[in-house]
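As the structure lists them, so they are numbered: ligands from 1, and atoms in each ligand from 1.
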Amino acid sequence: MTHTPHPAADRPFSPFFLSDDGRCLHLLDQRRLPAEEIWLEITALEALAEAIERLAVRGAPAIACAAALGLSAAAHAFPDDPPAFRAAALAALDRLARTRPTAVNLFVALSELRAALDAHPQADARTLRAALRACADAHTQRELHACRAIAEHGAPLLPEGGVLTHCNTGALATAGIGTALGVIFRAHQLGRRIHVFADETRPVLQGARLTAWELARAQIPFAVIADNMAGALMARGEIQAAIVGADRIARDGAVANKIGTYTVAVLCAYHKIPFYVAAPSTTLDPDLRTGAAIPIEERDPHEIHFHGDRRMTPLGAPARNPAFDVTPAALVTAYITERGVFRRDQLGALFDL
Ligand code: MRU
């Protein structure tokens, strides 16, 4: 894995793309934003897995696309003997499945890649490489289109005034313009006068670092707030709606999203403010009956103890670091997907995939 400046400034912005020969995944290192725009060059499976685990790429749809495209790049180093190629590819799928547990999009992409291998039982390595690449491209294209449709469906829902969002759900987190942030971009584009409040999103600061970076580039009026300020601003009438993304939605409509989302939803319910969830269908998990079954990633407490290089807690202080929480359907005003808007009493239609 090497670091380079942006290798292709002439392309439409995306935090990941394959080199022309398909052997290298270029990945914008989101850990370095906003201070530096550094691109990783990923050609090997382990570097890809570590980039996902360590949040160089993050956001449910982006993780899945980067995993699929990155695997297709890494497959150039797999053996040419077909059984050995297949064994290396299956081991790669297993390794990627162990990177981050909560966002179901990753597992959707991995099962598509496995199906692409299974569809060619007698194929040579060249054909298998092409099948993985086609699968990764198709997944990424679908996510790109889903973002556009989500933005179209969601934009009319946003009122003028203050709109709160949590974590980062824009181009950095997806293959397109984003989910929740895509809706905000589209509403702004349509002339809606919106002022975005971006929760800083402790502990990794996806809101302060990434959402602020995207909003500034799009010239949308915004302010970053500490996570504990949203309630006070709602009480003062400064927030008219909240919109967030999702990492996994269970069949009961419960939504796993970045830790702190549940708090926002509870505050919205108390203040009678609409709380919208924007996500592509790849974030729906029809196999999970309830939100209680969603696996919640527990990350290294180092993220709690340290702010940059500076330790914030006394040596030896215990800390917990669940990366996601689960918001029950009762707190969700509506789900916005590429197939339309679904109120919480339309979960059957939402899951009619
Ligand atoms: O830990 P992260 O940064 O991968 O968490 C991301 C989120 O929780 C996003 O809100 C979610 O993936 C939706 S991204 C369109």
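Counting protein heavy atoms only, atom 15 (C) of ligand 1 is closest to T179 OG1, 3.1 Å. Looking at atom 9 (C) of ligand 1, its nearest protein heavy atom turns out to be N257 OD1, 3.4 Å. The protein heavy atom nearest to atom 5 (O) of ligand 1 is K258 CE, 3.3 Å. Counting protein heavy atoms only, atom 14 (S) of ligand 1 is closest to A173 CB, 3.7 Å. Here the protein heavy atom with the shortest distance to atom 13 (C) of ligand 1 is A246 O, 3.4 Å. From the protein, the heavy atom lying nearest to atom 4 (O) of ligand 1 is R100 NH1, 2.8 Å. The protein heavy-atom contact nearest to atom 8 (O) of ligand 1 is D247 OD1, 2.8 Å.
Judged purely by atom type and a 3.5 angstrom limit, S111 uses its side chain to pair as donor or acceptor with the backbone of F107. No side-chain donor-acceptor contact under 3.5 Å links S72 to the backbone of R133.
Ion pair R95/E53 flagged as a salt bridge, since at least one NZ, NE, NH1 or NH2 atom sits closer than 4.0 Å to an Asp/Glu carboxylate oxygen. A salt bridge links R114 and D94; the closest N-O separation between the charged side-chain nitrogens and carboxylate oxygens is under 4.0 Å. A salt bridge links R129 to D80: one of the charged nitrogens lies within less than 4.0 Å of a carboxylate oxygen.
In terms of polar-atom proximity, R58 is counted as a contact of ligand 1, with an N or O under 3.5 Å from an N or O of the ligand. The distance criterion of under 3.5 Å between nitrogen or oxygen atoms is met by A60 with respect to ligand 1. Taking any N or O of G59, backbone or side chain, at least one lies under 3.5 Å from an N or O belonging to ligand 1.
Annotation: cation-pi geometry not satisfied between R209 and W213 (NZ/CZ under 6.0 angstrom from ring centroid, within 45° of ring axis). Under the 6.0 Å distance and 45° angle rule, R217 counts as a cation-pi partner of F13.
Looking only at atom types and distance, the side chain of D137 has no donor-acceptor partner in the side chain of T140 under 3.5 Å away.
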- Message: Evaluate E214 against N168 for side-chain hydrogen bond (donor to acceptor under 3.5 Å, both in side chains), listing each step before the verdict.
- Response: CA-CA 9 Å; E214 291 202 49; N168 171 264; 3.1 Å; yes
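Every atom of ligand 1 is numbered from 1 in the order shown, and the set under 4.0 Å from a heavy atom of T174 is 15 (C). Close approach of ligand 1 to F324 (heavy-atom distance below 4.0 Å) involves ligand atoms 1 (O), 5 (O), 8 (O). Under a 4.0 Å criterion applied to the non-hydrogen atoms of Q206, ligand 1 contributes the atoms 1 (O), 2 (P), 3 (O).
Among E298, E297, R248, the one residue that satisfies the side-chain contact (heavy atoms from CB on, under 4.5 Å) test with F324 is E297.
If you look at C167 next to ligand 1, the close heavy atoms, those under 4.0 Å, all belong to the side chain. With a 4.0 Å cut-off on non-hydrogen atoms, P61 touches ligand 1 through its side chain and not its backbone.
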